[in-house]
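For reference, the structure is listed below as structure tokens.
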Amino acid sequence: MTVREIIGAICPALAKNEGLDAFVKMAEENTSRSFFGKQYAYAVAYRACHLFTITAGSGGNAALGLGQIASMSEGGLSVSFATGSQSSDADGGLETSKYGKMLLGLIKSRPKMGVNTAGLAGGMA
């Protein structure tokens, strides 16, 4: 599968977004092809969807970059954001979206190699 096919299957909001190419480019520039090998397209797609989700919000609703909306109220206006488990510098904030968690799962499934086991160029930033 291609990066765009994967994105279309898992994150239709990004697939239809005019910024798709920019999100894919950012993800490609920060993902190691040599680390992920045959799963590189999945890693890029998960990373692009993660970036989209934390910057634009799920479904195109701006979430102010705070992560997925966990709950909302109408009367008196109340919004809570899902933060996942406490992120560490080691996970680069990937725990803040379901796509980031998918990328972390993919990273953990790969054999550990060298210092940069994250498979992301320049670490997980």
Side-chain angles (χ1 to χ4, degrees):
M1 291 186 83
T2 68
V3 170
R4 283 169 177 73
E5 289 172 332
I6 296 165
I7 291 171
I10 65 172
C11 188
L14 174 55
K16 297 174 189 170
N17 189 284
E18 64 186 33
L20 172 63
D21 289 335
F23 283 105
V24 169
K25 180 81 170 158
M26 286 185 286
E28 287 173 340
E29 290 175 352
N30 289 291
T31 306
S32 170
R33 183 180 298 273
S34 62
F35 178 83
F36 287 104
K38 292 180 181 180
Q39 294 182 319
Y40 175 74
Y42 288 92
V44 170
Y46 297 161
R47 177 104 171 149
C49 293
H50 168 72
L51 292 170
F52 172 72
T53 300
I54 64 169
T55 59
S58 182
N61 298 322
L64 306 174
L66 297 174
Q68 296 174 322
I69 296 175
S71 66
M72 295 180 77
S73 301
E74 212 169 293
L77 186 60
S78 173
V79 179
S80 299
F81 294 93
T83 59
S85 64
Q86 188 67 22
S87 289
S88 67
D89 289 338
D91 73 23
L94 292 174
E95 285 282 339
T96 60
S97 80
K98 68 180 178 181
Y99 305 108
K101 290 176 185 178
M102 292 166 77
L103 180 54
L104 283 173
L106 187 60
I107 291 167
K108 290 175 184 174
S109 75
R110 304 295 299 161
K112 304 253 189 269
M113 323 183 320
V115 176
N116 182 12
T117 59
L120 304 174
M124 296 182 71

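What you see is a predicted model; the values in this text were computed from it and never measured.
- Surrounding OH of Tyr42 are at most 12 heavy atoms belonging to other residues, nucleotides or ligands under 6.0 Å away.
- Closest heavy-atom contact between Pro12 and Gly8: CG-O, 3.9 Å.
- Between Lys25 and Asp21 the shortest side-chain heavy-atom distance does not fall below 4.5 Å.
- In terms of heavy atoms, Arg110 sits closest to Gly37 at NH2-N, 4.3 Å.
- Residues Ala27 and Leu51 approach most closely at N-CD1, 4.3 Å, considering heavy atoms.
- Although no hydrogens or angles enter the test, the distance criterion places no donor-acceptor pair under 3.5 Å between the side chain of Gln39 and the main chain of Phe36.
- Taking OH of Tyr99 as the reference point, atom SG of Cys11 lies at 3.5 Å (rounded to 0.5 Å).
- The heavy-atom pair separating Glu95 from Lys101 by the smallest distance is O-CE, 3.1 Å.
- Inter-residue side-chain proximity for Phe23 and Thr55 is flagged as met; some heavy-atom pair is nearer than 4.5 Å.
- Leu104 contributes atom CG, which lies 4.5 Å from atom CG of Leu94 (distance to the nearest 0.5 angstrom).
- Taking all atoms of both residues into account, the shortest heavy-atom contact from Met102 to Tyr46 is CE-CE2, 3.5 Å.
- Side-chain contact between Thr31 and Leu103 is absent, with no heavy-atom pair separated by less than 4.5 Å.
- When all heavy atoms are compared, the tightest approach of His50 to Gly93 is CE1-O, 3.4 Å.
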